[in-house]
Amino acid sequence: MSASSIESRPVDLRRVAQAGVEAGSGILAALGFTWAGMAVDVNPMTRIGQVSGLAALQFRFLLAFVLIAVIWWTAVRLGARALGLRIACGSLAGLATGLYAGGIAVALHGTPWPLNGNRGDAGQVQVWAVGLLEGKPISNVYPPIFPHLLAWWTETFNPGQPGAALKILTLLLVALAGPAVYLAWRLILPPLWALGVGVVAAYPIINAVKPYADVVLLVLIPLIARLLTSLLAAARRSPWTALLIGAGYGVLLAVLFLLYSGWFVWSAPGVFAALTITLVKAVRGGRPALWRALAVLGGATGAFLLLAGTYLVRLLSNSGTPDTYMYFDTMIDPAYFAMWQGDMPGPATAGFWPPPGELAGVGVFAIVLVAGLVIALWSGSDHPAVQVAACSVLGVFALRYWFASHMERDNAVQLYPRTSAELLYCLLVLCGLAGYLLSRRVLARRASAEEAAGAAGAAGVPGVRISGAVLCGLALVFSMAGSATIDKFMPADPARNTWGQMAWNAHTLQTPGGTCPRFAPAGHCTK
């Protein structure tokens, strides 16, 4: 390949500015709605207060969406339809998880504690943060970024109150999850599809108790898909450019790995398979294409090991440590994953769990997921996102069944039920990608027909009517899903074994100042 054939494009400042506006709109909407939720003044320890709080959030969401619609329509009238759509989609992504974070703020109104107070994972990460401030080390195997971030936040904004620091930091992470996931999927999908595929699929996965772990999974799949795309496109790059691009991916992957490494373990077989498929394609492009692809991969590997290599060695050296934590999911059908409930399903376990399905025990929702998988593979098996998601499903199932099949022999769980989250997310993503790939085929045929008839081809930007309709539909989905998810976290008596007990614990735990939270039952709390 000659030097003249290697692509060398200058930075398009206009595109960078538009991307910045798109990202900024999502962040602003997420943080703004979280602040609006924190201003809702109700007693979350009573059911009437909870319902009032949910309704107040929905009213604010409606007003915020109307504002987004006005901004988008104004952009259309001014002839900036593409930019207006990007702003509208970015803002709605922020509203989607801003609603979630605002709802958690309502559930914790009147207490400085985070969900679950100082118990469970919340308590452990607070202990680590305090220990770091005192110069003590944390666990060798736990990803280090979040404990260090919490320690810094405590020292800077909430001295002596790691619980209050964790509460605020958790709300921020939940709120920003929507923009982060949307922007990750924007690396490979248009705005409406990034919103519909990424953020819709993210909602059943995000857990407000430990959101930093879930965000890693939600961002990892599209980032790997984009990396595979870059491997195939590397033939148009110079060797140094390919190395730098790869290094950028390596830095991002290292940050995610140091934030939460579990998803890298479960995803490893699938990612390796998808990577192998991509390298085979690169080989078909000739030796220069293969070498450029290897340069990208080498840059990514080098940067990843430079930043996360030490932690990776520690993690691998402790890989034989058994995890015997047992909860309800370890006792159910290992093939069931359709509704990820964490480890606190609440009243569901009082009856049948999993819920009985209509087709030989398989529910309609699971059939839809399988249909999405089939259509995605049929219509776009060569698409990197389809390959990563589909290969991940296969690899995760293999690891899940391996550990579950040895559970009796080894008396160890190894956290295999958590693979339910990745299976559900990848299959939801494949359903969305199936819709995207089919719509692209339809539009391509329509454009060909119009060209043959002498008419203008289909525009790259969806029509105003269809864009507006899809935005309205997605807004309604986020509104309903957000309310249902938030309601699940509203304070509830621990005897009910629901997620609501975590907010209840936060309201019944004595504050660092020695007083009870504002809405503690009858003014009584525990130390």
Side-chain angles (χ1 to χ4, degrees), residues 37 40 42-54 100-101 103-127 161-171 174 204 206-211 213-214 324-332 339-355 413 415 417-418 420-421 483-527:
V40 175
V42 296
N43 179 358
M45 295 292 278
T46 66
R47 185 54 185 169
I48 191 172
Q50 295 172 8
V51 173
S52 294
L54 290 170
Y100 191 170
I104 300 301
V106 171
L108 296 175
H109 181 57
T111 176
W113 292 105
L115 289 169
N116 220 20
N118 59 3
R119 305 178 185 181
D121 289 341
Q124 181 60 69
V125 75
Q126 291 175 56
V127 170
Q161 299 185 60
L166 181 58
K167 174 184 175 180
I168 297 301
L169 194 54
T170 299
L171 292 179
V174 172
I206 301 174
N207 188 334
V209 179
K210 198 160 65 173
D214 300 323
T324 59
Y325 177 54
M326 300 283 292
Y327 53 102
F328 91 100
D329 248 359
T330 59
M331 299 300 178
I332 69 169
M339 283 194 287
W340 170 237
Q341 298 288 328
D343 57 358
M344 300 185 70
T349 53
F352 293 102
W353 190 265
V413 177
L415 299 177
R418 296 189 181 181
S420 296
S483 192
T485 303
I486 295 162
D487 194 29
K488 183 171 58 177
F489 281 100
M490 286 296 177
D493 193 311
R496 294 173 55 190
N497 188 34
T498 65
W499 287 18
Q501 77 178 53
M502 296 184 181
W504 181 280
N505 292 338
H507 283 281
T508 56
L509 183 64
Q510 190 177 91
T511 68
T515 61
C516 288
R518 177 181 171 187
F519 298 112
H524 298 297
C525 57
T526 59
K527 293 185 179 180

If we count only N and O atoms by modelled type, under 3.5 Å, do the side chains of Asn505 and Asn116 hold a donor and an acceptor together?
yes
Margin query: Evaluate Met45 against Gln50 for side-chain contact (heavy atoms from CB on, under 4.5 Å), listing each step before the verdict.
Written below: CA-CA 7 Å; Met45 295 292 278; Gln50 295 172 8; over 6 Å; no
Counting only N and O atoms by type, is there a donor-acceptor contact under 3.5 Å from the side chain of Thr508 to the main-chain atoms of Pro521? no
| said: Please check this pair: side chain of Trp113 against backbone of Gln510, looking for a donor-acceptor N/O pair closer than 3.5 Å. | reply: yes
Test side chain to side chain contact (heavy atoms under 4.5 Å, CB included), reference Leu166, set Asn118, Leu171, Leu115, Val125, output is Val125
**Prompt:** Step by step, would you call Val106 with Ile486 a side-chain contact (heavy atoms from CB on, under 4.5 Å)?
**Reply:** CA-CA 9 Å; Val106 171; Ile486 295 162; 5.9 Å; no
Closest non-hydrogen atoms of His109 and Arg518, given as atom of the first, atom of the second and distance, are NE2-NH1, 3.4 Å
Looking only at heavy atoms, the pair that brings Met490 and Gly103 closest together is CE-O, 4.2 Å
Nearest heavy-atom approach of Ala520 to Cys516 is CB-CB, 4.1 Å
On a heavy-atom basis, the closest approach of Val174 and Ala101 is CG1-N, 3.7 Å
Worksheet entry | Non-hydrogen side-chain atoms of Met502 and Pro114 separated by less than 4.5 Å | no
Notebook entry, point to check: Do Tyr100 side-chain atoms and Ser483 backbone N/O form a donor-acceptor pair below 3.5 Å?
Noted result: no
dist Gln161:CD -> Lys167:NZ (nearest 0.5 Å) comes out at 11.0 Å
Q. Under a 4.5 Å cut-off applied to non-hydrogen side-chain atoms, are Trp499 and Asn207 in contact?
A. yes
Between Lys527 and Leu509, the two heavy atoms sitting closest are C-CD1, 3.7 Å
When rounded to the nearest 0.5 Å, the distance separating CD1 of Ile206 from OG1 of Thr485 is 9.0 Å
Salt-bridged, Asp214 to Arg418, with N to O below 4.0 Å? no
Residues Ala503 and Ala107: closest non-hydrogen pair is CB-O, 4.2 Å
Say whether, by atom type as modelled, one donor and one acceptor occur between the side chain of Gln501 and the main chain of Pro491 under 3.5 angstrom.
-> no
CG (Asp121) and NZ (Lys210) are apart, to the nearest 0.5 Å, by 4.0 Å
One should read off an interatomic distance between Leu108 CG and Phe519 CZ, to the nearest 0.5 angstrom, of 12.0 Å
